[in-house]
Amino acid sequence: MGNLSLQLILSCSYLFCLICIASGFVPLDNYLIDCGSPRNSSVGNRTFLADNFYSDMLSTPQNILANTNSSSLSSSYDSTLYLTARIFGQASRYTFPIKENGRHLIRLYFFPFVYGEYNLSMAKFSVSAQNFTLLKGFQLDKGSVVKEYSFKIANNQLVLTFTPDTNSFAFVNALEVISLPIELIPDSAGIVEMPGDHQNLQNRALETVLRVNMGNQSVHPQKDTLWRQWVSDDKFLKHSAVSTVSNVDAVTYKYGNVTENIAPALVYGTATKLDSDRDPHINANITWLFTVDAGFNYLVRFHFCDIVNSSLGPFFFNVYINSWFAYRSFDLGKLTSNIIGNPYFFDVITSSTTSNAMSVSIGPSSESNYPMAILNGLEIMKISNSQGSLETSDPEISSSKTKLRSKIILIAGLSGGICIVLVFVLALFLICRRRRRLAAVSHSREDNFVMNQTGDKNSNSLALFSNSSFGYRYPLTVIEEATNNFSEDLIIGTGGFGKVYKGIFKDGTKVAVKRGQSKSQQGLKEFRTEIEMLSQFRHRHLVSLIGYCDERNEMIIIYEFMENGTLKSHLYSSDLPVLSWKQRLEICIGSAKGLHYLHTGSTRAIIHRDVKSANILLDENLMAKVADFGLSKTGPEIDQTHVSTAVKGSFGYLDPEYLTRQQLTEKSDIYSFGVVMLETLCGRAVIDPSLPRGKVNLVEWAMKWRERGPIQETIDPHLVDQASEGSLWKFMEIAEKCLAQCGLDRPSMGDVLWNLESALQLQVKEEKTSDEGGLVMRTDWVGHLDTPAGASTTQFSVGSLGDLAGASMSKIFAKMAKEEMR
Ligand SMILES: *[C@@H]1O[C@H](CO)[C@@H](O)[C@H](O)[C@H]1NC(C)=O
Ligand SMILES: *[C@@H]1O[C@H](CO)[C@@H](O)[C@H](O)[C@H]1NC(C)=O
Ligand SMILES: *[C@@H]1O[C@H](CO)[C@@H](O)[C@H](O)[C@H]1NC(C)=O
Ligand SMILES: *[C@@H]1O[C@H](CO)[C@@H](O)[C@H](O)[C@H]1NC(C)=O
Ligand SMILES: *[C@@H]1O[C@H](CO)[C@@H](O)[C@H](O)[C@H]1NC(C)=O
Ligand SMILES: *[C@@H]1O[C@H](CO)[C@@H](O)[C@H](O)[C@H]1NC(C)=O
Ligand SMILES: *[C@@H]1O[C@H](CO)[C@@H](O)[C@H](O)[C@H]1NC(C)=O
Ligand SMILES: *[C@@H]1O[C@H](CO)[C@@H](O)[C@H](O)[C@H]1NC(C)=O
Ligand SMILES: *[C@@H]1O[C@H](CO)[C@@H](O)[C@H](O)[C@H]1NC(C)=O
């Protein structure tokens, strides 16, 4: 009995606690100081304590306390904080004991006024905390400013240091140190236009650049559980057809993981949306433009909440930062379980490089039934660089660089001779930097942050990428050097898009250089898609992006060099050594892993759309990697140009359901992969017009394998003696499932992978038992492993290369396409 009542009391108090938490966040560490003030000041319903209350935490408590009776400050809610200040004549430290380690929020309030001989507008100083530089050479002419930072505190103490510049002084009007809820800042987030996630965000300091509430309404700090100020979005909006909505009452935190601490209901309850009510066929983006500091990476948080309750059904839209995808075909309904008012947010990290502008856009996705896009809130936070600084490392140096540049121009105008010398020096500089970057690329892929700081100042590059990262951008000169000025001798493949060259960088790194031919809209689109895809995804079984170049109207993509060329070239119509069954299985497993990763590796499934044996490349160990992401995007209708390229490149691989219904799903890749499996098994082309009727189409022919008697009748004659029956059957069955007419009947890539692994197990077991029985059949593939693959003779392709592209073939395709449609 006693136990029961104790439990009752406990659960009641637990409930009570929950209610407490629900009614607002109570920070465990909560230092609020009205610096320079003799009195406690209440701001909203918080009290900033008088300066002397905490002066024992200060290393130099004898600093000057200043006050003003200036009436220039409009009476904002925190205006009392600005009436007094503490002035530091020398470096001074606040040391705050911290109860709860973890991320803390630090706000510094500044307002310059004149106090006796001190004109605070003249103050110039730095502020650092732990080993983060928060402010450097900071000076404020006029107006009040709140600077907001957050970083992790590990050893139960925070040291905040104010350091005046020489012959100057520092000041602060108020400061605030509060602990933050743990869920607020993630440890990692995906990177826009870069591979992978950025890890270890916890060890970086963040500075709030902006908090924006969409819907043309600002949110007052009093209305936010963490006293954050949200400004209205209208002054950032680049006008287009927008409308605003407000439905704060609809917002509910009941169903998701979003709490009021992430953003208050007033943020989620208002939104700016595409004005699709007025024009149901509207096709436009809504764009907001922000000013940021170049050379830093930013954590950008998007807040969404469907408060519209549209009866039109599901909609998707794209989210862009600097014209790059931040989220492709964002499906708000799905992510919020179709609950009206259920908030959702996601984070991305962007690198800002040399541009001071950041554009954020939302716009309809081609997948959507009707055009609709909505955004409720946005936060932009600057991430400290690898030196732990939130300020440009050396403002003097960067300004002297621009001076040097203008001098170069001046001198070049005056004297040709000096100009040549300078060009030489510049070239040297470029080469050195390229080397550095190459080293960085090969050694520390994960730390993109370091790489980005070697900001390129390539002024004649295309506007297309001017806002994007430079980490992977190569100067044209370097590529020309690597490919011997695009020498014909180094061509390892050609296709509709142009040529692929083998390139060797100065340090010996071999690369494949794909050079786009014409700058058509389509080419440009595929170029961008490819870079975006490759840089978003990094996997052992996906071909790696090394860099790109868009200088002087070029469209060049640099990939890792794949010594052994395409899978296709190893299967038929070449004199390359024959692959053993086990090797073929391993290649299929490798490519299945790559595709599985594409389909499931991120929240948004990526459909490759051009899976074929010519797009599976083999490295020097015959490890398979999936290549060519030029078509990988989601989109229901294939536009005209797409049909023609797709039919030319990969007709035999096209999912019949996709052809007829034009509805793209991952299952279309499964179908194409099934075709690749058949090719691998049968060692022949997908469409071979030289064969007798009935045999021309591999899929049609092979699918009748059960009628044909023993499986040996169907497979590549090279495999007959070495492949185990069990493994062959298993393989054929998976291929058959993949090739099911109806997408729903096809297995997922994960199932395919699992089954392929078991086919390999069956083969390995068989080989072991035959070895024991003294029967060795594997001599051929063991031998091939030792055969050095002559790079010069290996035909290598990265794009949709000479794949059944003959003119006479197009008629067959057209005919077959029609047949398939029926
Ligand atoms: C300010 O508030 C603190 C805490 O509530 C209190 O201890 C202190 O006496 C107050 N100081 C003044 C000057 O009122
Ligand atoms: C603080 O003030 C706001 C608005 O004035 C009010 O909604 C909120 O409940 C108050 N919070 C506390 C803890 O008193
Ligand atoms: C402001 O304060 C100064 C003393 O600090 C005083 O001389 C002056 O008259 C005050 N001005 C106003 C407008 O109250
Ligand atoms: C204080 O300094 C600012 C900027 O240097 C200047 O514009 C202003 O006139 C100064 N005010 C006084 C009272 O000297
Ligand atoms: C935002 O509101 C202001 C007035 O409150 C109005 O003048 C302005 O046009 C609005 N902007 C938009 C984009 O609706
Ligand atoms: C919400 O929480 C569930 C489990 O608690 C988790 O699986 C899911 O990823 C979370 N969603 C977000 C958006 O964090
Ligand atoms: C959404 O609209 C439907 C009818 O269109 C209505 O029945 C439902 O109550 C609305 N939901 C909310 C949360 O407003
Ligand atoms: C929206 O912006 C993206 C990225 O800049 C662009 O690719 C797309 O074409 C734009 N859509 C419209 C309708 O302008
Ligand atoms: C800051 O200092 C601590 C120990 O003094 C160290 O572990 C940490 O790595 C440093 N952080 C940075 C960004 O330098």
Side-chain angles (χ1 to χ4, degrees), residues 26-27 29-57 65-73 80-87 96 110-125 137-145 164-165 167-171 173-178 212-220 230-246 266 270-278 282 284-290 360-362 373-378:
V26 182
D29 291 305
N30 192 16
Y31 293 102
L32 308 173
I33 310 177
D34 185 2
C35 302
S37 169
R39 279 177 295 276
N40 290 345
S41 319
S42 47
V43 171
N45 43 21
R46 293 196 293 170
T47 303
F48 280 67
L49 298 189
D51 188 291
N52 63 358
F53 196 80
Y54 288 123
S55 53
D56 54 339
M57 293 180 188
L65 306 182
N67 62 68
T68 178
N69 47 13
S70 158
S71 53
S72 71
L73 257 180
T80 56
L81 296 179
Y82 297 116
L83 295 176
T84 56
R86 181 178 269 273
I87 296 174
F96 297 100
F110 298 107
F111 172 69
F113 54 79
V114 180
Y115 175 75
E117 59 189 294
Y118 293 98
N119 181 351
L120 299 188
S121 304
M122 308 289 281
K124 196 171 176 204
F125 56 97
F138 176 72
Q139 203 166 8
L140 186 64
D141 279 348
K142 55 176 185 290
S144 64
V145 158
D165 280 18
N167 298 326
S168 192
F169 54 93
F171 75 96
N173 299 75
L175 60 88
E176 189 178 322
V177 177
I178 60 177
V212 189
N213 180 33
M214 309 299 160
N216 199 9
Q217 303 246 309
S218 56
V219 175
H220 199 264
W230 299 76
V231 298
S232 162
D233 68 320
D234 66 323
K235 57 179 174 290
F236 307 104
L237 201 57
K238 248 174 64 180
H239 269 276
S240 76
V242 303
S243 62
T244 57
V245 279
S246 170
L266 284 172
T270 60
T272 296
K273 71 179 198 64
L274 204 58
D275 196 2
S276 37
D277 299 335
R278 198 171 303 163
I282 194 165
N285 290 332
I286 307 178
T287 301
W288 293 266
L289 273 182
F290 304 101
V360 168
S361 311
I362 53 173
I374 186 169
L375 184 61
N376 303 59
L378 185 79

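In listed order, ligands and their atoms are each counted from 1. Side-chain atoms are counted along with the backbone in the values below, which use heavy atoms only and exclude waters and symmetry mates.
Residue Thr244 has no N or O atom closer than 3.5 Å to an N or O atom of ligand 5. Close N/O approach between Asn40 and ligand 1 is found [any backbone or side-chain N/O within under 3.5 Å].
Under the side-chain hydrogen bond (donor to acceptor under 3.5 Å, both in side chains) criterion, Ser232 pairs with Asn216, Asp234, not counting sequence neighbours.
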| Verdict with reasoning, Ile286 to Leu375, per side chain to side chain contact (heavy atoms under 4.5 Å, CB included) | CA-CA 9 Å; Ile286 307 178; Leu375 184 61; over 6 Å; no
| said: Apply side chain to side chain contact (heavy atoms under 4.5 Å, CB included) to residues Asn119 and Val114 and explain how you reach the verdict. | reply: CA-CA 4 Å; Asn119 181 351; Val114 180; 3.8 Å; yes
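No side-chain heavy atom of Phe48 sits less than 4.5 Å from a side-chain heavy atom of Leu175.
Between the side chains of Thr80 and Asp34, no donor-acceptor pair of N or O atoms lies under 3.5 Å.
Not a single donor-acceptor pair under 3.5 Å links the side chain of Thr68 to the backbone N or O of Leu83. Checked by atom type and distance alone, the side chain of Asn285 never pairs as donor or acceptor with a backbone atom of Thr287 at under 3.5 Å.
Listed by chain and residue number, the protein contacts of ligand 4 are Val114, Asn119, Ser121, Met122 (heavy atom within 4.0 angstrom).
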